[in-house]
Structures are given as C-alpha cells and as structure tokens.
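Quick note on labels: first sequence line is chain A, next is B, and so on, each numbered from 1.
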Amino acid sequence: MAKAITKRTENYSQWYLDIVKRAGLADHSQVKGCMVIKPTGFAVWENMKDQLDRMFKETGHVNAYFPLFIPKSFLSREAAHVEGFAKECAVVTHHRLMNDPNGGGVVVDPSAKLEEELIVRPTSETIIWDTYRDWINSYRDLPLLINQWANVVRWEMRTRLFMRTAEFLWQEGHTAHATREEAMEESLRMQQVYADFAEQYMAMPVIRGVKTANERFAGADETYTIESLMQDGKALQAGTSHFLGQNFAKAFDVKFLNKENQQEYVWATSWGVSTRLIGGLIMTHSDDDGLVIPPKLAPTQVVIVPIPKPGPEIAEVAEKLMQALRAQGIRVKFDDDEKNRPGFKFAEHELKGIPVRIGIGKRDLEKGQVEIARRDTKEKQFVPIDGAAAFAAQLLDDIQQNLLQKATKFRDDNITRADHFDDFKAIVNATRPDQTESWGGGFISAHWDGTTETELKIKELTKATIRCIPLDNEQEEGRCILTGKPSNQRVLFAKAY
RNA sequence: CGGGGCGUAGCGCAGUCCGGUUAGCGCACCUGCUUUGGGAGCAGGGGGCCGCAGGUUCGAAUCCUGCCGCCCCGACCA
C-alpha cells in the first residue's frame, strides 16, 4: 500500500478530501470556492440526474430553463427571501472589458456600467415567478409543473468539495397550483420522490420531516426535508421541498381566474437537490480503502482484470463476459491496460469504488472459473465461467441491498433518546475513537417546547440544531429538554453539515 | 469575516532560521530489459520565471516591503 488515504479515525475531513481527489471525482478549481467536477464524478451526477429526471417526468413535470441572471429588483420583492440570500450573492455590474491604458492587461470598462445590476441566481424563485405571471391566467393553466436543471451561485465563506461550493449544480422544481391543498400535496409528493430516490438508488436512508420555523427556507411557509446521517455522526440535509403558500404569487402578482370567475393568488411549491448528494453518497458508504458507491449509481459497475496479461484466451473469455453483462444493461469495463500490474489495478479499482471486480487468470481458465470480488465487503470467490455473468448481476443487487441495510443500521443505532439536558450534552460531546476523530453524536430524539428561542439556545450551548420534526412522529407527552415546558412530541437534533 | 497554515517539476515535499557551485528527493512521465494471482525491479532519460512585484546585496528560493492565491479551523449557510 504505497499511497494509503487518511483513515477516518485519524482525520475524517481529510479522509473525505482524499476520497474525492484520489477517486477522481473532483478537484479544487483555480477559482476560490469552486470545483472542477471530473469525468468520474460527473458520471455519478449524470446517473443521479437521469433517474431523478425520470421520476420527475413520471410525476407529471416538464423541464424548462430560466436565465442565470436576475435583475436586482426582483430579489427584493419577497422580504424573507431577500433576507435569506442577500449576504451571499454574486453581482454583475458591468458588461464590457477594455485594454488597460497603463498596459496591465484587461480592466473593467467604467463606461459599461449596467443601469440595473444583475444577480447571479442563488435560486430562481424570483425570475420564475416573474415569468409565471404571464403564463398563468386561468385555472385551466394550472397546475404548472416545471423543473429546471441548472447551476446556481451562493458566495460561501467556507467551502468543501461537493458539500458546499460557491457554484453548484442542482435541479429546482417550481410549481403553481389552484389550491392550498394541491400545493401542499405537491410538496409532500416531491419530498417522497426524494426519499425514494435516496433509499432505492443512493442506498442512503433518510428521515422525512418538516423544518422548524428557524430552519425553514427563506420565503416558504413550510419546508419539508429528507435528513440523513453521515458516518461521522453529523446530519446532512439531503433535499428539501417547500410549500411556498401564496408568498411569491403575492410578491409577483400572479393571479388566476377560478371557475367562479374570481381572481385568486396561486399556490406554490419549490424543491431541489444538488451535487451535494454526491458528498452524502461518499460519506454514507465509503471506507478507509476508498470510495464505495451503490451499483445503481456507479459509473462502472463491473471491471474485468486480466491476470497477468490479456492473452488471447483471457481476452476471449472477458469479451464473452462483457457481452453477457451488457445484455443485462450492466456497465462493464475491461482493464487491459498493460502498463499496470494486477495488484495495482485491484487497489485502484477499490479506491474508485467499482462495485464488482472479476479477475481472470491462466490458472482460472484451466479450472474453468473466474474470481469475483465485491467492493463493499471485500469478499472474493471463484465462480464457474458459465455462471459468472449471472452471478455478477445478482451480486450487484446484493451489494445495493447490503449498502442500504448497513447504512440503515448505522443510522438507527445512532438515534438516541435524551430526556435530560445533561444527557443531551453528553451525547453531542461524546468522542468515539472507534468511529471518527470528529464524532458528531448522531441524531438525538428529544422533547422541545416549540419556540425558536429555545432552539437557538440549545444551538448556542451544544452546536446541535433541530434537523426536523419527523412526519411519522408518534405523539407523546413530555417536557422540553431545556426549559421543561410541556411538549407533545420529540424532534430530532444533530450537529449538521 | 476572524484564527492558523501553505505557495519550489504533473503530484507530494526538503532546502529558507544562518544569502554563496549547476536547486534536491519521492511518486508520476519517457526508453529498454526482466517481471506480472494484492500498489514490481534494474538501468538510462526528460521536465523548474523557487506564487507575483519592488527593494537590499558583488550575489536572493533564502533577507526586507507590498500584493495575490489556495487549504484547514471557527461564525454563517444547502
């Protein structure tokens, strides 16, 4: 092992960075806070995107595209919204460069100042709702179910590859409805779509919940979230779906004529997931040997490694195997690069998280078998050549299931109930050398008196915030963990990304 | 926006305190041979405005001044 990556127990943050870089997912760019998503990382995103897009279409949505630039005046129409984003906006002030008269290269041409500055979208509610005003006249125009795949910019102080970058890729759905009920159903429906995607494709278990007022999206009446737990015991908000009420309709004067020939403001939702999901994927499954990703999202699902060199007999068997696998829609590669030796390839493919590796050597051929290794458990076994393709296909399913089970067990094992504030503090401050050097404490299920004041106080004292109020919460009489005031349900606290 | 750290070959670093041959090491790269079932060995080779700009000096990667960039930690946020 010439080039080991940092162990999780030593430095979790560095471990994450090592994985991202060494697995070839992304690099820091020349621009502060931005990243270059490399082909392998982008392939993961494409797989996510393809599946999500399919699910959006199945729920009746269509794609469209709105401008990157938003007139400054739009952003201030909705008071809470501008409050939420004002601090992190990139602003375009000029539209022309010129040669520096002093010979210093190009400079901004001061005569090309924009009359109204443009904001690089941090999210698109404003420009979309300004457009919807023209699109919506009657109840017959509703519901309007639109999604866009785009990049957005939020000028973050502190960034981390995939988890938080100044520019990131995402999808944002923006829908308009005739009734409050319909909009509410839509926001819950999309939250469910996200939860299904996370569990079935990312093998990442999530808790569906609703955000507290304090954690709510700027401009929303209600924010629904899917929350997941990373290996270091910190929570990740993996996706959000917002019930926007009539806030944007009122701010942008979007009305429709109902069946009774009366003007009404429309009801809205918006929902999004981003490249941040890739960060969540990494931190849910990967280990000290490198990236581990679920087969359904892996750019390459099976790699075939010839041992030692790809002689004609080996290549022939590999070719047949590849055909059989491709016939089942499996993404397979034959690593016949003669530059590296098998040992190097084994380590490299594990580092890059390819779920299944098939080794074919001369000895194997004599016995009519191949060696099949799975990335998640590192188990290897010999399988007859004839049954190898079917075995590998089944193994991919097993790995997908195993990853979800393992992550679910980890998540469930790390939801702790606390009834006294001392216990609460002990849980968030606990060190777990068997886990990670910066153990976050996992989820804590505790009673809360429902006030923002108490929530902020707990955050101040422990750094833990309320991640969500689970939707399927059982009602239970209790007393607030901090104030002792009566409460009728537990909420989930955690330190969060 | 505060605190810390780092800019020397594609990557990772040493050298900087205490100025002085031709700036060095590992990995990667190129050529050849031997190898190949868990990160190969030997031999030969290519690659540097030492972050940028000034200054001090006979002489600067090294000292001084200014600037730029990035990373990590904290506050804020998806």
Length of the [atom1]-[atom2] vector between [X] and [N], whole Å:
X      : N     : atom1 : atom2 : result
A:D27  : B:G12 : CG    : P     : 10 Å
A:E338 : B:U31 : CD    : C1'   : 16 Å
A:N11  : B:C72 : CG    : P     : 10 Å
A:Q369 : B:G37 : CD    : C1'   : 12 Å
A:K234 : B:G74 : NZ    : P     : 7 Å
A:F344 : B:C27 : CZ    : C1'   : 11 Å
A:L456 : B:A75 : CG    : C1'   : 14 Å
A:F382 : B:G37 : CZ    : P     : 14 Å

(request) Among B:C71, B:C77, B:U36, find the nucleotide with the atom closest to the side chain of A:E88. (result)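 Shortest atom-to-atom distance from the side chain points to B:C77.
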
(message) Taking the minimum atom-to-atom distance to the side chain of A:L17, which one of B:G37, B:C72, B:G38 wins?
(response)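 Side chain of A:L17 sits closest to B:C72.
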
Strictly below 4.0 Å, N to O, side chains only: are [X] and [Y] in salt-bridge contact?
X      : Y      : value
A:K339 : A:D337 : no
A:E453 : A:K457 : no
A:R208 : A:D472 : no
A:D289 : A:K378 : yes
A:E227 : A:K211 : yes
A:E350 : A:R357 : yes
A:E348 : A:K345 : no
A:R154 : A:E167 : no

Answer yes or no: side-chain N or O of [X] and base N or O of [N] forming a donor-acceptor pair under 3.5 Å.
X      : N     : answer
A:K380 : B:G38 : yes
A:R154 : B:C77 : no
A:R357 : B:G38 : yes

Whether [X] contacts [N] is assessed here as follows: a side-chain N or O lying under 4.0 Å from the phosphate OP1 or OP2. Is that the case?
X      : N     : value
A:K339 : B:C30 : no
A:K463 : B:A75 : yes
A:S13  : B:C73 : yes
A:R363 : B:G37 : no
A:R158 : B:C77 : no
A:R22  : B:C11 : no

Base, sugar-phosphate, or nothing for [X], non-hydrogen atoms under 4.0 angstrom?
X      : result
A:K459 : sugar-phosphate
A:Q14  : nothing
A:E156 : base
A:T159 : sugar-phosphate
A:N340 : nothing
A:L236 : nothing
A:F168 : base

Please determine, for [N], whether a Watson-Crick or G-U wobble partner exists with both distances under 3.5 Å, and give it or none.
N     : answer
B:G66 : B:C52
B:A14 : none
B:A40 : B:U34
B:G20 : B:C58
B:G2  : B:C73

For the [atom1] atoms, the ones on [N] and on [M], what distance do you get once it is rounded to whole angstrom?
N     : M     : atom1 : result
B:G24 : B:C71 : C1'   : 25 Å
B:C64 : B:A43 : C1'   : 47 Å
B:A14 : B:U36 : C1'   : 34 Å
B:C70 : B:U62 : C1'   : 23 Å
B:G51 : B:A9  : C1'   : 15 Å
B:G66 : B:U56 : C1'   : 15 Å
B:G5  : B:G41 : P     : 38 Å
B:C67 : B:G44 : C1'   : 44 Å

(request) Between A:L161 and A:F217, just flag the one whose closest nucleotide in RNA chain B comes earlier from the 5' side. (result)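 Whichever sits nearer the 5' end wins; that is A:L161.
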
